[in-house]
Amino acid sequence: MVCPLPCASLCMLSSFNIEQRRSSHISSKPISESPKTELFRKFNSPFELKQVHTLVIKTGMPISDLPLSRVASVCARTPSFPYAQQIFQQVDQPETFIWNSCLRDFAESDSPFDAILLFYQIRRYNVLPDSFTCSFVLKACVRLQYLFHGRIIHAFVEKLGLQLNLVLLNVIVHLYASCGRINDAILLFDKMPQRDVVTWNTMITQLVKMGDIDSAYKMFVQMPDRNLRSWTAMIAGFVQCGKPKEGIALFTKMEEVGLKPNEVTVVAVLAACADVGALDLGRRIHDYSDKRGFTRNIHISNTLIDMYIKCGCLKASCDVFKNMKERTIVSWSAMIQGLAIHGKAKEALELFSEMIYTGMKPNGVTFLGLLNACSHMGLINEGRSFFASMTKDYGIIPCIEHYGCMVDLLSRAGLLEEAHELIEQMPIKPNAAVWGALLGGCKVHKNIEMAEIAMRHLHELDPLNDGYYVVLSNIYSEAKKWEDAAKVRKMMRNRGLKRQLVGVQLLLAGREKLALVFGLINTPPGETIRIFKNLRVCEDCHASFKLISSIVKREIVVRDRNRFHCFKDGYCSCKDYW
DNA sequence: CTAGGGTTAG
């Protein structure tokens with residue numbers, strides 16, 4: 001992160017002459033419409049500003065009609081500050097007020113750095129700053145994660161005697177915490193003479209961002225008053241920290257207290273439902289959202305799509321998607337990924353074409369969905385061509401997850417050498433997921449040599465994960481290499497990994513079937529049965545489910561770690577490729 | 001009403 005000294009930022013203002021010369025011929029360029037109107041809106045240099053100013057004076061237009069932020073932004077970057085000051089002093093508003101509005105615009109713009117520049121100019125030319133001035137420039141510091149400037153402004157706040165202003169202190173707490181200085185934030189929090197619900201909410205959110213959900217919850221319990229935002233922040237916090245069950249439990253408590261969820265709460269709760277597969281609650285929230293008109297909110301529809309997908313209701317997610325009047329890349333990517341994990345590769349690819357046709361630009365996540373689709377259905381050539389196209393046609397640099405998908409795609413298809421080559425030549429250091437994908441392929445295609453290569457890396461990258469040892473041991477066992485299998489088990493024991501290799505699989509297999517029987521007894525005939533598990537479905541269960549689905553004439557949807565299996569009339573949506 | 005806190009796809 002660039003964090004120039006304040007004096008350095010002032011030095012940057014010396015580009016005045018270059019800018020003036022570069023832009024002086026803009027006005028002589030042929031412009032459609034009225035060139036003067038164009039100039040009035042878009043002037044970019046002090047030179048053009050003077051032209052506009054002249055225009056204002058000539059036409060007798062009130063000076064307050066000038067786009068003041070434009071004036072300020074031109075002058076923030078050049079030594080023409082006094083010129084803008086002159087103009088502002090003729091406007092029928094306090095000068096500080098106008099500079100503050102400009103600061104606010106800059107702080108919220110795409111280049112918040114302008115606010116920092118302008119702030120130092122304001123200081124230099126002795127405009128009297130107030131608490132609003134500080135709050136806007138602090139906001140820019142937060143957005144830019146400029147701790148250095150933030151500390152300067154903090155000191156400045158004290159110098160101005162504003163150290164008791166609660167709003168400012170809240171922003172400063174936010175600044176320190178969001179810049180990773182949680183201890184500074186806590187220090188300030190502890191010595192604040194008073195705190196309000198915003199102070200507490202800020203701490204909770206930032207603690208969650210640091211991954212410290214326990215401290216966040218302690219504060220949530222400890223705080224004197226909680227508003228809807230406090231509850232929402234805490235629910236979202238649980239979801240973000242991978243504790244969706246706790247999130248749902250807290251939501252239930254919130255309802256008991258009598259608070260009604262708003263749009264943001266709904267997004268967080270739906271995300272929790274998606275993670276644990278709480279379809280009933282998800283449907284209830286969907287109803288509620290419809291009643292309150294929340295479904296027009298794109299965030300909510302996007303999250304609904306995701307929730308239905310992860311709960312195994314592809315149809316319901318399609319309905320939400322179709323009913324959306326506007327869609328973002330998140331909507332499309334979620335839907336493509338949804339089709340992919342439900343084994344509808346063809347539909348996923350078609351949806352992608354449709355998306356491109358509407359002019360929506362894909363991003364990295366979109367391609368993850370596409371590669372997933374290809375991977376689950378063994379579409380090797382399509383996968384290769386998407387992987388090439390993402391960079392070539394859309395300028396998206398593949399990240400580790402994309403490589404993981406490609407390795408998965410090639411390995412599943414038995415192209416273990418090609419997968420290994422891809423890993424060897426990828427520009428990022430491969431992680432455990434990448435080598436794990438290769439190992440998975442080695443199991444399916446019974447390649448012991450390659451499995452050993454993958455294992456050497458996994459051993460190093462993720463030594464405490466017993467799952468890989470289990471896979472390797474199984475590969476040896478299947479090849480009847482009992483001694484090697486025993487060696488792996490010994491290795492696990494030496495590392496203190498105690499999982500019972502054979503017992504685990506049997507137990508899980510039993511559980512899946514038990515879940516199915518339970519579902520058959522407890523649901524009306526004909527209704528879809530949904531089973532969730534946190535590992536991969538084993539081959540034995542997969543075969544049984546196909547059979548049972550045709551006998552009882554019911555759909556059985558199983559969510560495993562990676563995807564969905566929809567069993568119907570003796571067939572599975574994965575077409576046995578998984 | 002010139003300022004501060006909570007949200008989605010992998």
Side-chain angles (χ1 to χ4, degrees), chain A residues 93-94 96-105 107-108 130-140 142 157 162 165-175 177-178 195-206 208-209 216 219-220 223 226-237 239-240 247 254 261-275 294 297-307 309-310 317 320-321 327-338 340-341 362-372 399-402 404-405 433 562:
Chain A
Q93 269 161 336
T96 305
F97 176 94
I98 302 173
W99 287 118
N100 285 351
S101 330
C102 300
L103 273 175
R104 194 233 291 118
D105 290 351
E108 288 166 1
D130 59 14
S131 64
F132 294 96
T133 319
C134 300
S135 89
F136 294 131
V137 69
L138 279 167
K139 182 175 192 168
V142 171
V157 165
L162 296 169
N165 182 316
L166 189 51
V167 173
L168 285 180
L169 284 174
N170 285 342
V171 190
I172 295 168
V173 167
H174 185 178
L175 173 82
S178 72
R195 305 170 193 102
D196 65 3
V197 65
V198 177
T199 328
W200 290 91
N201 288 352
T202 305
M203 286 303 292
I204 288 173
T205 322
Q206 295 304 318
V208 166
K209 287 224 173 88
M219 292 209 120
F220 179 79
M223 63 193 289
R226 281 166 284 269
N227 61 14
L228 184 56
R229 282 190 178 212
S230 323
W231 289 89
T232 305
M234 200 62 234
I235 293 168
V239 179
Q240 284 159 20
M254 188 189 104
N262 67 9
E263 277 127 305
V264 182
T265 323
V266 162
V267 170
V269 178
L270 285 174
C273 293
D275 287 348
F294 288 175
N297 177 327
I298 299 187
H299 282 259
I300 294 205
S301 286
N302 288 350
T303 320
L304 276 171
I305 292 174
D306 188 52
M307 185 275 294
I309 284 167
K310 292 200 178 132
S317 64
V320 174
F321 182 81
R327 301 183 184 102
T328 61
I329 188 62
V330 176
S331 333
W332 290 96
S333 301
M335 203 61 235
I336 289 171
Q337 169 72 0
I341 62 176
N363 65 14
V365 182
T366 323
F367 279 97
L368 278 179
L370 289 168
L371 293 177
N372 244 318
C399 57
I400 193 98
E401 286 84 0
H402 295 100
C405 275
N562 304 319

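Naming convention: chains lettered A, B, ... in sequence-line order (proteins, then strands); numbering from 1 in each chain. Computed from a prediction, not measured in an experiment: that's the story for all the values here. Atoms considered below: every heavy atom in the structure, side chains included; atoms not considered: hydrogens, waters and symmetry mates.
Shown here are the ring-ring contact (aromatic ring centres under 6.0 Å, His included) partners of F132(A), two or more places apart in sequence or in another chain: there are none. Among residues two or more places apart in sequence or in another chain, the ring-ring contact (aromatic ring centres under 6.0 Å, His included) test is passed with F367(A) by F352(A), Y394(A).
At the heavy-atom level, H299(A) lies under 4.0 Å from base atoms of the strands shown. Using a 4.0 Å heavy-atom criterion, one finds that T205(A) contacts the sugar-phosphate atoms exclusively. S131(A) comes within 4.0 angstrom of a base, heavy atoms only. Within 4.0 Å of V197(A), counting heavy atoms only, lies at least one base atom of the nucleic acid. At a threshold of 4.0 angstrom between heavy atoms, the contacts of A268(A) with the nucleic acid are absent. Here Q337(A) lies in heavy-atom contact (under 4.0 Å) with sugar-phosphate atoms only. At a threshold of 4.0 angstrom between heavy atoms, the contacts of T232(A) include nucleobase atoms, whether or not backbone atoms are also involved. Across all strands, N227(A) comes closer than 4.0 Å to base atoms (heavy-atom distances).
A donor-acceptor contact closer than 3.5 angstrom links the side chains of T265(A) and N262(A). Of the N and O atoms on the side chains of S230(A) and N201(A), at least one donor lies less than 3.5 Å from an acceptor on the other residue.
Taking only side-chain nitrogens and oxygens, K310(A) comes nearer than 4.0 Å to OP1 or OP2 of dG10(B). The side chain of Q240(A) contributes no N or O atom lying less than 4.0 Å from OP1 or OP2 of dG6(B).
Closest to the V365(A) side chain, of the nucleotides dA9(B), dT7(B), dG5(B), is dA9(B). Among the nucleotides dG6(B), dA3(B), dA9(B), the one closest to any side-chain atom of S135(A) is dA3(B). In this structure, of dA9(B), dG6(B), dT8(B), it is dA9(B) that holds the atom nearest to the side chain of A334(A). For F136(A), the listed nucleotide lying nearest its side chain is dT2(B); candidates were dT2(B), dG10(B), dG5(B). Side chain of V167(A), nearest nucleotide from dA3(B), dT2(B), dG6(B): dA3(B). Here the nucleotide nearest the side chain of V264(A), chosen from dT8(B), dA3(B), dT7(B), is dT7(B).
Not a single donor-acceptor contact under 3.5 angstrom links the side-chain atoms of D196(A) to the base of dG5(B). No donor-acceptor contact under 3.5 Å links the side chain of N100(A) to the base of dA3(B). Side-chain atoms of N262(A) and base atoms of dG6(B) include a donor and an acceptor less than 3.5 Å apart.
Protein atom CG of L162(A) is 18 Å distant from nucleotide atom P of dT2(B), rounded to whole Å. Following rounding to the nearest Å, E108(A) (CD) and dT2(B) (P) show an atom-to-atom distance of 14 Å. At whole-Å resolution of the value, CD1 in I298(A) and P in dT8(B) are 15 Å apart.
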Q: Starting from the C-alpha separation in whole Å, work towards a yes-or-no answer on side chain to side chain donor-acceptor pair (under 3.5 Å) for T199(A) and D196(A).
A: CA-CA 5 Å; T199(A) 328; D196(A) 65 3; 2.9 Å; yes
